[in-house]
2 protein chains.
Amino acid sequence: MSNQGQVPAEVIDCCSPLAREPLSGAQAVELSRLFKALGDPVRLRLLSLIASHEGGEACVCDLTGVFDLTGPTISHHLKVLRQAGLISGDRRGTWVYYRAEPDALRRLSAVLVPDAVVGA
Amino acid sequence: MSNQGQVPAEVIDCCSPLAREPLSGAQAVELSRLFKALGDPVRLRLLSLIASHEGGEACVCDLTGVFDLTGPTISHHLKVLRQAGLISGDRRGTWVYYRAEPDALRRLSAVLVPDAVVGA
DNA sequence: GCCCTGGATCGACGACTGTCAAGGTAGAGA
DNA sequence: TCTCTACCTTGACAGTCGTCGATCCAGGGC
């Protein structure tokens with residue numbers, strides 16, 4: 001349940017907002033990996049379900065029932081979100097719990113708009 | 001050079017931030033279309049080049065030289081960004097100029113973070 | 001009229017992505 | 001230990017995406 005392969009935070013932190021100066025190739029590659037992870041309706045709903053769940057975390061069993069998809073497919077989408085660093089997961093007993101990573105969302109938000117409130 | 005097929009603004013405006021309540025299926029589909037448009041390094045750099053260009057707009061001829069890609073490919077990526085409503089373009093004489101749509105970027109930013117400054 | 005230049009569209013190809021069925025692993029309880 | 005549940009991984013398939021060459025359209029200058 002480790003999060004190996006996720007985008008290193010410092011790459012994003014160094015990014016200026018889109019409209020201030022052009023992105024370098026490396027910055028664009030790292031950022032696009034995050035946006036691509038959000039570019040699927042199922043993953044967007046999964047992230048939303050996790051982030052808005054009480055306690056800020058959700059068990060996989062809370063998520064599978066919502067969609068008309070098989071377990072492996074949900075698991076695949078969760079892995080994509082995890083590798084992008086947008087969520088993190090840990091096993092507690094029988095169940096696996098996922099939690100959103102607000103820092104990653106704030107960094108993405110800050111890239112889109114120069115004057116977004118990042119420190120909130 | 002019309003922007004037909006782009007995401008209607010009201011669909012995004014009605015979206016609560018991800019972490020406040022779960023996205024509906026329709027909201028997720030529309031939002032994922034925007035994020036998917038940003039999920040490619042070339043398109044991310046194109047948007048950044050346009051948004052940060054002096055005057056807030058850039059001619060296609062300013063963009064093609066930056067990448068190691070053919071004209072049709074650049075044109076394709078610009079079309080994807082245009083259909084997502086992230087940029088708009090108009091022909092002035094021989095050249096076509098593209099301009100970023102700050103409102104679309106702000107809406108996306110607001111979805112990611114509940115307390116982002118949207119009205120700025 | 002003709003030709004040149006800047007861009008867009010079309011058609012095709014390889015690569016990647018989303019999905020599922022089958023099988024595997026970890027923890028809990030008998 | 002054996003079994004059940006919860007979840008992940010693998011392998012395979014269809015559909016989508018990024019890219020290019022070829023072609024087409026619109027404006028400007030001759």
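In what follows, chains are A, B, ... by sequence order, proteins preceding strands, each numbered from 1. Here the structure is a predicted model, which means the values were calculated and not measured.
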Original post:
For C:dT19, does either OP1 or OP2 sit under 4.0 Å from a side-chain N or O belonging to A:T70?
Top reply: no

**OP:** Nearest whole angstrom, please: distance from the P of D:dT16 to the CD of B:Q83.
**Re:** 15 Å

Original post:
NA contact type, A:R43, heavy-atom cut-off 4.0 Å: base, sugar-phosphate, or nothing?
Top reply: sugar-phosphate

Original post:
B:P72 has a side chain; which of D:dG18, D:dC7, C:dT9 sits nearest to it?
Top reply: C:dT9

**OP:** For B:H76, answer base if it contacts any base atom (sugar-phosphate contacts may also be present), sugar-phosphate if it contacts only those atoms, and nothing otherwise; contact means non-hydrogen atoms under 4.0 Å.
**Re:** base

**OP:** State, yes or no, whether a side-chain contact exists between B:D62 and B:L49 at a heavy-atom distance under 4.5 Å.
**Re:** no

**OP:** Remember a base hit wins even if backbone is also touched, and classify B:I74 as base, sugar-phosphate or nothing at under 4.0 Å, heavy atoms.
**Re:** nothing

**OP:** Indicate, with a heavy-atom threshold strictly under 4.0 Å, whether B:G71 touches base, sugar-phosphate, or nothing.
**Re:** nothing

Subject >> Whole-Å distance separating the CG atom of A:L78 from the C1' atom of D:dC8 >> reply: 11 Å

Original post:
Are any non-hydrogen side-chain atoms of A:V96 and A:D90 less than 4.5 angstrom apart?
Top reply: no

Original post:
Please give, in whole Å, the distance from D:dT16 P to A:K36 NZ?
Top reply: 17 Å

Original post:
Considering only D:dG18, D:dC7, C:dC20, which nucleotide approaches the side chain of A:L69 most closely?
Top reply: C:dC20

Original post:
Over how many whole Å does the gap from A:L38 atom CG to C:dT17 atom P extend?
Top reply: 15 Å

**OP:** State whether B:S75 places a side-chain N or O below 4.0 Å from either non-bridging phosphate oxygen (OP1 or OP2) of C:dA8.
**Re:** yes

Subject >> Interatomic distance where CG belongs to A:L81 and P belongs to D:dC7 [whole Å] >> reply: 16 Å

Original post:
Quick one: is C:dG27 close enough that its OP1 or OP2 comes under 4.0 Å of any side-chain N or O from A:T94?
Top reply: no

Original post:
Between A:H77 and C:dT17, is there a side-chain N or O to OP1/OP2 distance below 4.0 Å?
Top reply: no

Original post:
B:L46 has an atom CG; how far is it from atom P of C:dG7, in whole Å?
Top reply: 13 Å

